Amino acid sequence: MDPKKEGLTLRIANRLQGIEGSPTLALSAKAKALTKAGKDVLDLTAGEPDFPTPAHVKAAGVRAIENNQTRYTPVAGISELRSAIAETLNRQHQTAYAPAQILVSCGAKHSLFNVFQTLLQAPDEVLILAPYWVSYPPLVQLSGARPVIIPTTEQDQFLPNASALRAAVTAQTRAIILNSPSNPTGAVMDQKRLSEIAQLAIEKDLIIVSDEIYDQLVYPPQKHYSIIQVAPKVIDRTVLVGGVSKTYSMTGWRIGFAAGPQAWMDTMTTLQSHSTSNAPSISQHAALEALAGPQNEVSKMRENFQKRRDVLVNGLNRLSPLRCQSPGGAFYAWCNVSGLGKSADTIASLWLEEALIAVIPSEGFGMEGYVRMSFAASKETIEATLKRLEQWLKQR
Ligand code: PMP
Ligand code: GLU
């Protein structure tokens, strides 16, 4: 539809022109629909663990319903949950966040939306490292600011180079988005890089938005570092975003959070008070149990992901011309398919049509030549994928 031709009634706001729906969610939905229609699809699209939410967390949700904790809560979240989030962050990063500096929202995606709407406007520019999580550029654009994309390379393990970032800074640059471990590459930032970026942020007076939603999904010997831990002096210019979706297999509960300077969090809360109000009360009680309760399920899931990662990555590297670095975190393999001589988009379509393997092509992540394969799928699915790919490569 061309909104200009359709007259005022059907007009869509300018700020949404050119914004496409999330390709990861769209492809996951397509794979699920094919499975529902009876096709034997091997689905490696999903950015969500296949494990059930831990039983004690589910029970806390059920208890919240039974105890009639089903009403509005304070906009920023129940105080117990905000305290548990502050305590978790303070323990992990040796910080001193007060519960009042925590805003609970409807998923980390919502937290990021609130951050950008609150802190950005035209003609601000935001530095985003590519490949990036699909939602960063649209989220930035929706605030009126302009995404400035800085590519990383396979040779550099998809890690940022501070001098490339420095060269991209202009008088308009307002913020930089960090995402370690990264979706889609699984790259984990080291202390040296983080401290160089912190230095740059101080020098150029930049805000740091650090999306650490995969912070608990880091595989030894890799370790997760937050920029606020490596360079505590940036805490006053950083918003840290996290959530329970990935760590506790709680994608559907929709609980994310942001932590940052009080004035920013207060304004974000004002914004949220006019949009969603509080995040769902029942989910908040479940998230409280997830964070404050026993953590053994998290270690089990992490160990499982690590095993699956090794099966997938080793298997892919046996299938020339595919090649894949072993990701240090998150649950995605970023597989180089450029040796097949076609665009990643074409390869993903061919795999789906000819081998019933569903993956996400790299174009939506701002890079050519790769597909993202989630190993938050069962070991059986991963093994079957490798077999089918072997067949497909033989027959092509
Ligand atoms: N950031 C990144 C990097 C992600 O991969 C996701 C997953 N969708 C999110 C944020 C948002 O997660 P959620 O909204 O489920 O908390
Ligand atoms: N973040 C997940 C992914 O990248 C979930 C989908 C989405 O929110 O875009 O697949």
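Fair warning: this is a prediction, and the values are worked out from it, not measured in the lab. Residues: numbered from 1 along the sequence shown. Side chains included, hydrogens not; waters and symmetry mates left out as well; all remaining heavy atoms used. All ligand and atom numbering here is 1-based and tracks the order in the structure.
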Enumerate, atom names and distances included, each donor-acceptor pair closer than 3.5 Å involving a side-chain atom of residues 197-206, sequence neighbours excluded.
residue	atom	partner	partner atom	Å
E203	OE1	R166	NH1	2.6
D205	OD1	R237	NH1	3.1

When the aromatic ring centroids of Y214 and F305 are compared, is their separation below 6.0 Å?
-> no

Is it true that atom CZ of F113 has more than 12 heavy atoms of other residues, nucleotides or ligands lying nearer than 6.0 Å?
-> no

So which heavy atom in the protein is nearest atom 8 (O) of ligand 2, and how far is it from that ligand atom?
-> K109 NZ, 3.0 Å

Tell me whether I360 is reachable from V337 by hopping between hydrophobic residues (I, L, V, M, F, W, Y) whose side-chain heavy atoms are closer than 4.5 Å.
-> no

Going by the order shown, which atoms of ligand 2 are within less than 4.0 Å of some heavy atom of S22?
-> 9 (O)

Using a strict 4.0 Å cut-off to heavy atoms of G47, name the atoms of ligand 2 that fall inside it.
-> 2 (C), 3 (C), 10 (O)

Donor-acceptor contacts under 3.5 Å from residues 27-38 side chains, at least two apart:
residue	atom	partner	partner atom	Å
S28	OG	T24	O	3.2
S28	OG	T45	OG1	3.1
T35	OG1	A31	O	2.9

Distance flag, aromatic centroids of W334 and F365, threshold under 6.0 Å = yes

Please tabulate protein-ligand N/O pairs under 3.5 Å for ligand 1, atom names and distances to 0.1 Å.
residue	atom	partner	partner atom	Å
ligand 1	1 (N)	D211	OD2	2.6
ligand 1	5 (O)	N183	ND2	2.7
ligand 1	5 (O)	Y214	OH	2.7
ligand 1	8 (N)	K246	NZ	3.4
ligand 1	14 (O)	A108	N	3.2
ligand 1	14 (O)	K109	N	3.0
ligand 1	14 (O)	R254	NH2	2.7
ligand 1	15 (O)	S245	OG	2.7
ligand 1	15 (O)	R254	NH1	2.8
ligand 1	16 (O)	A108	N	2.6
ligand 1	16 (O)	S245	OG	3.3

Any R302 side-chain heavy atom under 4.5 Å of Y219 side chain | yes

Return the residue, atom name and 0.1 Å-rounded distance of the protein heavy atom closest to atom 2 (C) of ligand 2.
-> K246 NZ, 3.5 Å

Y332 neighbourhood, listing ligand 2 atoms whose heavy-atom distance to it stays under 4.0 Å = 2 (C), 3 (C), 4 (O)

Atom 10 (O) of ligand 2: which protein heavy atom is closest, and how many Å away?
-> R372 NH2, 2.8 Å

d(T381 OG1, D50 CG) to nearest 0.5 Å is 7.5 Å

Name each donor-acceptor pair under 3.5 Å that joins a side chain in residues 58-79 to protein atoms two or more places apart or in another chain, with its distance.
residue	atom	partner	partner atom	Å
N67	ND2	R63	O	3.4
T73	OG1	Q284	NE2	3.0

For atom 9 (O) of ligand 2, which protein heavy atom lies nearest, and how many Å away is it?
-> T24 OG1, 2.6 Å

Does any N or O atom in N183 lie less than 3.5 angstrom from one in ligand 2, N or O only?
-> yes

How are the rings of F158 and Y370 set relative to one another: parallel (under 30°), tilted (30 to 60°) or perpendicular (over 60°)?
-> perpendicular

